[in-house]
Amino acid sequence: MMRLFLVESPTKAKTIQKYLGKDWKVLASMGHIKDLPEDELGVDLKTLEPRYVFVRGKRKVWDQIKRTAQKCESIYIGTDPDREGEAIAYFLWNLLKPLGKKLYRVRFYEVSKEAITLSVQKPEDSPNMNLVRAQMARRVLDRLIGYLLSPKLWVYLKNNRLSVGRVQSPALRLIVERERQIRQFKKKKFYYIKAVFEKNGHTFHLIWDYRFEKPENAKPYLEKLKSVPFEVERVVRGKVKKEPPKPFHTANLQAVASQKLGVGVDKVQKLAQKLYEEGFITYPRTDSLRMDEKKAQEFMNYIKKTLGEEYVGTLRKFKEKPTSQGAHECIRPVSLDRSPTGGVEEKLFTLIMKRTLASLASPALLEKTDVVVVPLCEPRMEFKGQWQRILFDGWLRIEEEELDLQEPPPLSEGEILLPKKVTLEERRTEPPPRYTEATLVKTLEKLGIGRPSTYAQIVKTLKDRGYVTEEKGVLKPTPLGEQVLDFLEKYYPRLVDYKFTAYMEEELDSVEEGKDWKTAVRYLFRAVAPEEELPSSTS
DNA sequence: CAGTGAGCGAGCTTCCGCTTGACTT
């Protein structure tokens, strides 16, 4: 008699099928099977009880699973061990229960033969209901906010296609707020004095770190400095370690790759998905920085073989963010033996490979030199400069990161110098830069807004709604986007308050520890929309 | 009798997050 094993993704199913062999049938749910209905609220406002229906097109998937299940003696549900995966497991469990077969929930944290076999040997008797309820809490709160508050906006701005949401609205605020900072920003010119020296054919300059508002103010100093010798007061050399970068996860990869390859984050995600499906890289939607120990060892051996022992670093453990769900590994090559050839795909793979290897390589060692030179006159003006050079390149050798490095000037303390020239430099203060898709995604991740599978989607939603435009990769709010934010700041300020959204996360997370999910949702929704009528629980 | 306006109801729209492949632009 066969046994059935269920996972979320077909690619994973194929791999696991190979590990488990012929006595098993491995099928994929393709994500969520059941969800709230699309065309109505789907939540009872009195009881907060959600009404779940088949996701469009998933009835077929379920039929296939059911047919197979009937032929099997037992069923193992191996969806991802995170909040969403647990919810998928729960719905599968409820659908399968009537079949009267033996049901198990299994968890594994990497797709390897050992991990799968072990999980099957130690199955659990039910889904983790705290995790399931935590997912429901988020789902229902997001639905209430989205479907009850968006219509307010339709009335207010007379446009039935507008939307607000727990994720998109704070993202909109980031972009609008930055635009307002830029608009208010007054560019200010300022001036500073630069002294150029030459020694042994080595030309270098030092700067007096004092800002003049008007060039006239600098004049007396400039005059004085023209004919004055300088004394080298300090030459301080120190060694600085430059640690290797962390490996990639989704947010990181989108930010770095879209910048380096000059493509949008959605394109990066599509390419990564393709590399994943072709077996070149690990799962591309992850918030984990974890790396399989054996794989890391293999990569380090490769570094040793190609660059030498001294380039081998360590496998570091990174503190997982509280939002991290830990179901996957970082994004890394599956193997160094196979790589795609040609096109942007190869470039993306190379980027991932280099970052992966670099993360396991040894730190670079830099020599930092601080120089202070003082003119022999009053008042005391400290001219400073800083140089860095590489003593040992370490991981830099792999990533080939461009560093602005120059040889320090050959100076020793007490030495007297005559400047070649002393000039007044003009600069202006610059406003903060607008967000690009890449920097927005990074900021969202930092604020804990959104999930790896939706980062690219968030930007698209804001564009689709006409809230922001993108020109030359730069995001700007439209007048409509600004109106929407005005509306939110006026009527639902907490929805666009980063501190409150962080607090919301905390409250929702407490459901995972066993707090009643409906209480949390009711409380949070009331906090966001106090005017909104949400009847108290009657029970 | 033709044209107007109020009132009503139906239909469409909206969230976030998980996953591909079958569609269209």
Side-chain angles (χ1 to χ4, degrees), chain A residues 6-14 27-43 50 52 55-58 60-62 64-65 79-92 131-132 134-172 250 269-270 273-274 276-278 283-287 323 325 327-328 444 448-458 460-462 464-467 484 492 495 501 504-505 508 521 524-525 528-529:
Chain A
L6 297 172
V7 292
E8 289 172 46
S9 109
T11 329
K12 232 182 196 176
K14 262 187 217 162
L27 290 178
S29 75
M30 313 264 228
H32 281 289
I33 292 274
K34 284 204 165 189
D35 189 15
L36 297 174
E38 267 182 77
D39 53 0
E40 54 166 313
L41 186 64
V43 177
Y52 287 100
V55 174
R56 193 186 315 189
K58 289 298 168 62
K60 275 187 183 172
V61 178
W62 161 239
Q64 167 75 21
I65 291 174
T79 49
D80 290 349
D82 58 17
R83 215 162 32 221
E84 298 296 325
E86 205 64 27
I88 296 171
Y90 167 77
F91 286 112
L92 285 170
L131 270 184
V132 173
Q135 195 271 349
M136 281 187 178
R138 285 182 130 78
R139 186 67 191 93
V140 169
L141 180 64
D142 287 345
R143 175 53 69 95
L144 293 178
I145 290 173
Y147 275 37
L148 293 179
L149 304 190
S150 293
K152 308 283 175 193
L153 198 53
W154 303 346
V155 176
Y156 189 81
L157 292 178
K158 298 180 181 49
N159 180 342
N160 283 26
R161 305 188 59 118
L162 307 181
S163 61
V164 303
R166 175 178 59 86
V167 166
Q168 61 171 275
S169 295
L172 175 65
T250 305
Q269 205 48 41
K270 275 198 180 130
Q273 176 68 19
K274 206 167 166 217
Y276 164 67
E277 283 167 16
E278 290 164 351
Y283 195 70
R285 289 181 289 273
T286 174
D287 50 9
T323 52
Q325 293 287 305
H328 303 287
L444 291 173
I449 298 171
R451 305 279 314 131
S453 66
T454 57
Y455 292 138
Q457 188 60 38
I458 294 166
K460 192 173 173 294
T461 300
L462 294 177
D464 285 350
R465 298 273 171 277
Y467 295 171
V484 171
Y492 304 108
L495 194 53
T501 49
M504 212 155 25
E505 292 288 331
L508 287 169
V521 169
L524 286 173
F525 186 71
V528 170

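Numbers restart at 1 for each chain; the letters A, B, ... are given by sequence-line order, proteins then strands.
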Asks: Indicate yes or no for a side-chain donor-acceptor contact from A:Thr79 to the backbone of A:Val7 under 3.5 Å, with no hydrogens or angles considered.
Replies: no
Asks: How many Å lie between NZ on A:Lys460 and C1' on B:dC15, as a whole number?
Replies: 15 Å
Asks: Given B:dG17, is OP1 or OP2 found less than 4.0 Å from the side-chain N or O atoms of A:Arg166?
Replies: yes
Asks: Output the rounded distance in Å from CD (A:Glu86) to P (B:dG17).
Replies: 18 Å
Asks: Identify whether any heavy atom of A:Gly85 sits under 4.0 Å from a base atom; if not, whether one sits that close to sugar-phosphate; answer base, sugar-phosphate or nothing.
Replies: nothing
Asks: Tell me, please, which residues at least two apart from A:Tyr276 pass ring pair (Phe, Tyr, Trp, His ring centres under 6.0 Å).
Replies: A:Tyr283
Asks: Distance check needed: B:dC12 C1' versus A:Lys158 NZ, whole Å only.
Replies: 18 Å
Asks: Does A:Leu162 reach a base, just sugar-phosphate, or nothing at all? Heavy atoms under 4.0 Å.
Replies: sugar-phosphate
Asks: Counting only side-chain nitrogens and oxygens, does A:Arg451 get under 4.0 Å of the OP1 or OP2 atom of B:dC18?
Replies: yes
Asks: In whole Å, I'd like the distance from the CD atom of A:Gln457 to the P atom of B:dG17.
Replies: 11 Å
Asks: Do A:Lys34 side-chain atoms and A:Lys58 backbone N/O form a donor-acceptor pair below 3.5 Å?
Replies: no
Asks: If I take atom CG in residue A:Leu508 and atom P in nucleotide B:dG17, what distance separates them, rounded to the nearest angstrom?
Replies: 11 Å
Asks: Dot-bracket notation for DNA chain B is requested: 5' to 3', Watson-Crick or G-U wobble pairs only, both distances under 3.5 Å, with ( ), [ ], | and . as defined.
Replies: .........................
Asks: Under 4.0 Å between a side-chain N or O of A:Arg465 and OP1 or OP2 of B:dT14?
Replies: yes
Asks: Checking A:Thr250 side chain against A:Pro284 main chain: does a donor-acceptor pair fall under 3.5 Å?
Replies: yes
Asks: Which part of the nucleic acid, if any, lies within reach of A:Gln168 when heavy atoms closer than 4.0 Å are counted: base, sugar-phosphate only, or nothing?
Replies: sugar-phosphate
Asks: Does A:Arg285 reach the side chain of A:Gln269, with side-chain heavy atoms less than 4.5 Å apart?
Replies: yes
Asks: Determine, for A:Lys460 against A:Asp464, whether the closest basic-nitrogen to carboxylate-oxygen distance falls under 4.0 angstrom.
Replies: yes
Asks: Under 4.0 Å between any heavy atoms, over every strand shown, what does A:Thr454 touch: base, sugar-phosphate, or nothing? Just pick one.
Replies: base
Asks: With heavy atoms under 4.0 Å as the rule, sort A:Arg143 into base, sugar-phosphate or nothing.
Replies: base
Asks: What is the distance, to the nearest angstrom, from the OH atom on A:Tyr455 to the P atom on B:dC16?
Replies: 14 Å
Asks: Should the pair A:Asp80-A:Lys12 be classified as a salt bridge under the 4.0 Å nitrogen-to-oxygen rule?
Replies: yes
Asks: From CG of A:Asp39 over to C1' of B:dG11, roughly how many Å is that when rounded to an integer?
Replies: 11 Å
Asks: Please list, pair by pair, any protein nitrogen or oxygen found under 3.5 Å from a nitrogen or oxygen in nucleotides 19-22 of chain B.
Replies:
unit_1 : atom_1 : unit_2   : atom_2 : d
B:dT19 : OP1    : A:Tyr283 : OH     : 2.0
B:dT19 : OP2    : A:Tyr283 : OH     : 2.7
B:dT19 : OP2    : A:Arg285 : NE     : 3.0
B:dT19 : O5'    : A:Tyr283 : OH     : 3.2
B:dT19 : O4'    : A:Gly31  : N      : 3.3
B:dT20 : OP1    : A:Ser9   : OG     : 3.2
B:dT20 : OP2    : A:Gln273 : NE2    : 3.1
B:dT20 : OP2    : A:Arg285 : NH2    : 2.7

Asks: Test salt bridge (Lys or Arg N to Asp or Glu O under 4.0 Å) on A:Arg56 and A:Glu38; report intermediate values, then the result.
Replies: CA-CA 9 Å; A:Arg56 193 186 315 189; A:Glu38 267 182 77; 3.0 Å; yes
Asks: A:Met136 CE to B:dC15 C1': how many Å, rounded?
Replies: 17 Å
Asks: Select base, sugar-phosphate, or nothing to describe what A:Val164 touches, counting heavy atoms under 4.0 Å on all strands.
Replies: sugar-phosphate
Asks: Taking only Lys NZ, Arg NE, NH1 and NH2, and the carboxylate oxygens of Asp or Glu, determine whether A:Arg166 and A:Glu505 approach each other closer than 4.0 Å.
Replies: yes
Asks: Mark yes or no for whether A:Thr454, through its side chain, and A:Gln457, through its backbone, hold a donor-acceptor pair below 3.5 Å.
Replies: no
Asks: Mapping A:Asp142 and A:Asn160 onto DNA chain B by nearest heavy atom, which one lands closer to the 5' end?
Replies: A:Asn160
